[in-house]
Protein chains: 2
Amino acid sequence: MKSRESTQKNIQPISDFAEYLKEKGLKVTNQRTLVAQKIFNMDSHFSVDHLANELRQKHASISRATIYRIISVMVEGGLLAEHNFGSSSKIYEHISNRKHHDHIICLDCGSIQEFCNEEIETAQLQIAKEMGFELSEHSLNLYGHCVKLKKSGSCSSMKKSTN
Amino acid sequence: MKSRESTQKNIQPISDFAEYLKEKGLKVTNQRTLVAQKIFNMDSHFSVDHLANELRQKHASISRATIYRIISVMVEGGLLAEHNFGSSSKIYEHISNRKHHDHIICLDCGSIQEFCNEEIETAQLQIAKEMGFELSEHSLNLYGHCVKLKKSGSCSSMKKSTN
DNA sequence: TTTATTGCAAAGGGTTTGCACGTGC
DNA sequence: GCACGTGCAAACCCTTTGCAATAAA
């Protein structure tokens, strides 16, 4: 049931990807479709390892080399954001139809939450201007301990949510 | 001449390191002293590779394994900050006696500049509070093109300043 | 058919580790 | 002398790549 719902709601981004591929003269392969489907149905941040495991459970084993290559295409096409949160591997999230945000990461359980702050965005533009830079991107990550999550019991310091 | 000056001005941090080692019951070895000296005399951000090369030129070849181990001690001891600016290897900078700052990185030449912004710092604390986090650290990196440096000729898109 | 894509296995690059030897204390 | 530190080489982990087989257009 859950999977049917999420498949429904994410039809759009997947056809966006197919369209993007065609525009670029790239082929719409089975692997690319499966990987994109899985990615657009994940509601959280993921590592390549996580993605590969999910695909394997879905009986869609795709080689890691191919997954890396597909992810690289999606990042270049602006459909996927790549993050470095300090762990050994990179973390990704799909960004189609989603507004910009930054992240706050729990050092105990690894949970990743999002936030937006206009004041900070504005200050960044101002700083870049003052320093003679043409700003193209930024990365802001806060690290801490999720007191609130711990109280509600939804933080387990044992489990790592990604990677 | 240059090296004599910089050796002079950095005596303090080096004895701080020796003191830290003693406190922790660690030994003040030749390698640790040489590495710390080199680090405190570097006025910029550096990678392990960069550091190893500098040491080699100073006729103080120290194995990479040892350099990694020493750096790890210094990071744990709060004498060294570790950054991830997107390149393949981590970037370090000594932080004793230096106030907190964030970084702006040129995507063309790799130059790394520092800035401080109180407004952003305050906003971060506020965000963490609202999200129920006890903030322990953060990383804010801006990426762009150094228009000003290019105009003055001090930006070479060919050279990478670190790593 | 043509050209891009895949999977495999091997290579790469940065970092860590096991172990025997060396060195501070 | 004891315990910790070092160097070497091998191991590790994540990621990339060469190449022959395969599939999209």
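Just so it is clear: chains get the letters A, B, ... in the order the sequence lines come, proteins before strands, and each one is counted from 1.
- Summarising the geometry, the separation between CG on B:L21 and C1' on C:dC25 is reported as 13 Å, rounded to the nearest angstrom.
- A perpendicular orientation is assigned to the rings of A:H103 and A:H101, their planes being inclined by more than 60° (bins at 30° and 60°).
- The aromatic rings of B:Y20 and B:F17 lie parallel to each other, with less than 30° between the two planes, well short of the 60° mark.
- Proximity of A:Q31 to the phosphate of C:dG7: a side-chain N or O atom is located under 4.0 Å from OP1 or OP2.
- Checking D:dC14, C:dT5, D:dT6 against every side-chain atom of A:S88, the shortest atom distance belongs to D:dC14.
- For B:A65 and B:V28, each mapped to the nucleotide of DNA chain C holding its nearest heavy atom, the one lying further toward the 5' end belongs to B:A65.
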Atom pairs and distances, donor-acceptor, side-chain atoms in residues 65-74 of chain A, under 3.5 Å, two or more places apart:
| unit_1 | atom_1 | unit_2 | atom_2 | d |
| --- | --- | --- | --- | --- |
| A:T66 | OG1 | A:S63 | OG | 3.1 |

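- Donor-acceptor pairing under 3.5 Å, judged by distance alone, is present between the side chain of A:K27 and the base of C:dT3.
- Protein atom OH of A:Y92 is 10 Å distant from nucleotide atom C1' of D:dC14, rounded to whole Å.
- Over its length, the helix from C:dT1-D:dA25 to C:dC25-D:dG1 turns its helix axis by 30°, as judged from the five terminal pairs at each end, rounded to 10°.
- In this structure, B:N84 and B:Y143 approach most closely via the heavy-atom pair O-OH, 4.1 Å.
- For A:S89, taking side-chain heavy atoms from C-beta onward, the closest of the listed nucleotides C:dC25, D:dT6, D:dC14 is D:dC14.
- Nearest heavy atoms, B:D102 versus B:H100: OD1-NE2, 3.6 Å.
- For B:R32 against C:dG24, no side-chain N or O and base N or O form a donor-acceptor pair under 3.5 Å.
- B:F85 and B:H83 have parallel rings, their planes meeting at less than 30° on a 0 to 90° scale where 60° marks the start of perpendicular.
- Between B:V48 and B:L26, the one whose closest nucleotide on DNA chain C sits nearer the 5' end is B:V48.
- The phosphate of C:dT15 has OP1 or OP2 within less than 4.0 Å of a side-chain N or O from B:Y68.
- Nearest heavy atom pair, residue A:A60 against residue A:L34, reads CB-CD1, 4.1 Å.
- Remark: A:T29 is in phosphate contact with C:dT6, judged by side-chain N or O atoms under 4.0 Å from OP1 or OP2.
- At the phosphate of C:dG7, OP1 or OP2 sits under 4.0 Å from a side-chain N or O atom of A:T66.
- Between B:R64 and B:G25, the residue anchored nearer the 5' end of DNA chain D, judged by the nucleotide with its closest heavy atom, is B:G25.
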